[in-house]
Amino acid sequence: METWRVLATALLGAGGIVLSLVTMAKVRERTGSAGSVAIAGAICVTVLALLCVLTLTVLAPPVAWGVVIVVGIAGSAMLLVG
């Protein structure tokens with residue numbers, strides 16, 4: 001397996017976990033419902049897992065690194081705003 005794929009997937013996973021936790025916290029603040037938090041968490045983790053698998057297998061390098069950058073910027077922005 002190519003080194004850039006593993007590195008991109010690791011960075012995507014780390015940023016995605018932070019983004020998932022922040023998203024779940026925002027849902028909890030707005031709804032106060034544990035069910036809504038669970039649904040938001042399940043959706044976030046599913047999308048993150050799909051992106052990680054695609055990054056490891058089929059995405060071209062510019063697309064994979066673009067996804068990593070977008071997730072990193074979104075996670076940073078949500079942490080700074082919140």
Side-chain angles (χ1 to χ4, degrees):
M1 184 150 308
E2 298 172 27
T3 305
W4 71 265
R5 287 190 186 273
V6 175
L7 182 61
T9 303
L11 291 173
L12 179 63
I17 289 172
V18 170
L19 191 59
S20 297
L21 292 173
V22 171
T23 302
M24 290 170 66
K26 296 247 183 222
V27 168
R28 188 188 66 212
E29 286 177 7
R30 292 190 179 162
T31 64
S33 169
S36 297
V37 173
I39 291 171
I43 291 170
C44 286
V45 169
T46 303
V47 170
L48 178 62
L50 179 65
L51 283 174
C52 286
V53 168
L54 288 175
T55 301
L56 275 175
T57 56
V58 298
L59 288 180
V63 176
W65 286 110
V67 170
V68 170
I69 291 169
V70 167
V71 167
I73 290 172
S76 299
M78 287 182 75
L79 283 173
L80 290 173
V81 169

task = Supply the atom-to-atom distance L7 CG to L12 CG, rounded to the nearest 0.5 angstrom.
result =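 So the CG of L7 and the CG of L12 are separated by 11.0 Å.
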
Between OG on residue S33 and CD1 on residue I39, distance to nearest 0.5 Å =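 The distance works out to 7.5 Å.
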
query = Do you reckon I73 sits in the same ILVMFWY cluster as L19, going by side-chain contacts under 4.5 Å, direct or chained?
reply =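 No, separate clusters.
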
ask   = What residues form a side-chain hydrogen bond (donor to acceptor under 3.5 Å, both in side chains) with E29, not counting sequence neighbours?
value =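 side-chain hydrogen bond (donor to acceptor under 3.5 Å, both in side chains) list for E29, sorted by chain: empty.
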
Show me, pair by pair, the donor-acceptor contacts under 3.5 angstrom made by side chains of residues 59-69, not counting sequence neighbours?
none

Side chain to side chain contact (heavy atoms under 4.5 Å, CB included) against S76, all qualifying residues, sequence neighbours excluded =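 Side chain to side chain contact (heavy atoms under 4.5 Å, CB included) check on S76 returns nothing, list empty.
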
V22: side chain to side chain contact (heavy atoms under 4.5 Å, CB included) partners, not counting sequence neighbours =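 Result, side chain to side chain contact (heavy atoms under 4.5 Å, CB included) vs V22: V18, K26, M78, L79.
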
query = Counting distance only, does the side-chain N/O of R28 pair as donor-acceptor with the main-chain N or O of A34 below 3.5 Å?
reply =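 Between the backbone of A34 and the side chain of R28 there is no qualifying donor-acceptor contact (under 3.5 Å).
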
Side-chain donor-acceptor contacts of residues 44-54 below 3.5 Å, not counting sequence neighbours, with atom names and distances?
from : atom 1 : to  : atom 2 : distance (Å)
T46  : OG1    : A42 : O      : 2.7

inquiry  = Please give the remaining members of the hydrophobic cluster of V37, linking ILVMFWY side chains under 4.5 Å, ordered by chain and number.
reply    =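 Besides V37, the hydrophobic cluster comprises M24, V27, listed by chain and residue number.
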
request  = Each residue besides V70 in its hydrophobic cluster should be listed here, by chain and number; the cluster joins Ile, Leu, Val, Met, Phe, Trp and Tyr at side-chain heavy-atom distances under 4.5 Å.
outcome  =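 Cluster partners of V70: none, it stands alone.
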
